[in-house]
Amino acid sequence: MTTDCLTGQHAHHDVYSAQCPCRAMLDLLANKWSALAIGALDDGPQRFGALQRLLQGVSPKVLTQTLRRLESAGLVDRTIYPAVPLHVEYALTALGRSAAVPLHLLRTWVEENIDMAGQDTR
């Protein structure tokens, strides 16, 4: 399925095309830590430490890289509050909230079907 390119960079978007810029966004959203971070932020803004506690197993380095990529893609806003110590919060943008919908469905599907994985259901 293809859609018209609203940026005018090319005729249409086709995620199956190697040259389509959609690939970078798909790569970002298909990343485990990105999908989990978006899900965690779907409940509202979070501080870094709270996100790290919620996303068990993520290292500070990987979480920082993930949040930077999400911010760069326009999915997450980073807000610094001038306090001592500095207070930084991460929140989904409107684009991030729209991405959270299908990612929520995917996470729910995984949780509901993990016991069936690997079983031959033919």
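No experiment lies behind these values; they were computed from the predicted model shown.
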Enquirer: What's the spacing between F48 CZ and R53 CZ if we round to 0.5 Å?
Expert: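 CZ of R53 is found 10.5 Å from CZ of F48.
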Enquirer: Are E112 and T108 close enough that some pair of their side-chain heavy atoms sits under 4.5 Å apart?
Expert: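 Yes, their side chains come closer than 4.5 Å.
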Enquirer: What are the two closest non-hydrogen atoms of L86 and R47, and how far apart are they?
Expert: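 In this case the closest contact between L86 and R47 is O-NH2, 4.1 Å.
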Enquirer: I need the single residue from L92, L54, T93 that forms a side chain to side chain contact (heavy atoms under 4.5 Å, CB included) with L41. Which is it?
Expert: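 So the option named by the test is L92.
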Enquirer: Identify the heavy atoms of C20 and V15 that sit nearest to each other, and give their distance.
Expert: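 Between these two residues, the closest heavy atoms are SG-N, 4.5 Å.
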Enquirer: Run L36 and V58 through side chain to side chain contact (heavy atoms under 4.5 Å, CB included) and show every step you take.
Expert: CA-CA 10 Å; L36 293 174; V58 69; over 6 Å; no
Enquirer: Quick one: closest heavy-atom pair of G74 and L95, and the distance?
Expert: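 Heavy atoms of G74 and L95 come nearest at O-CB, 3.8 Å.
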Enquirer: When you look at R78 and V88, which way does the side chain to side chain contact (heavy atoms under 4.5 Å, CB included) test go after all the steps?
Expert: CA-CA 7 Å; R78 179 176 182 258; V88 179; 3.7 Å; yes
Enquirer: Measure across P102 and S98 and return the closest heavy-atom pair with its distance rounded to 0.1 Å.
Expert: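 Minimum heavy-atom contact is CD-O, 3.2 Å.
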Enquirer: Mind checking whether T79 and Y90 have side chains closer than 4.5 Å, heavy atoms only?
Expert: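 No, every pair of side-chain atoms sits at 4.5 Å or beyond.
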Enquirer: Evaluate salt bridge (Lys or Arg N to Asp or Glu O under 4.0 Å) for D27 paired with R69, printing each intermediate quantity in order.
Expert: CA-CA 11 Å; D27 179 54; R69 287 182 68 200; 3.3 Å; yes
Enquirer: Would you say S34 and L29 make side-chain contact, with heavy atoms under 4.5 Å?
Expert: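 No; the side chains remain at least 4.5 Å from each other.
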Enquirer: With L55, which of V62, T66, L63 fulfils side chain to side chain contact (heavy atoms under 4.5 Å, CB included)?
Expert: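 So the option named by the test is L63.
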Enquirer: May I ask whether V101 and W109 are part of the same hydrophobic cluster, defined by side-chain heavy atoms of I, L, V, M, F, W, Y residues being less than 4.5 angstrom apart, directly or through others?
Expert: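 Shared cluster, no.
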Enquirer: Within the structure provided, determine whether I38 and H104 are in side-chain contact (heavy-atom separation under 4.5 Å).
Expert: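 In short, these two side chains do not touch, never coming nearer than 4.5 Å.
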Enquirer: Might you point out which heavy atoms bring Y16 and R23 nearest each other, and give the distance in Å?
Expert: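 Looking at all heavy atoms of both residues, the shortest contact is O-NH2, 2.9 Å.
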Enquirer: Treating T64 as the side-chain partner and P60 as the backbone partner, does any N or O pair qualify as donor plus acceptor under 3.5 Å?
Expert: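 Looks like yes, one N/O pair under 3.5 Å.
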Enquirer: Do you know which two heavy atoms are closest between S59 and Q52, and how far apart they sit?
Expert: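 The answer is C-NE2, 4.1 Å.
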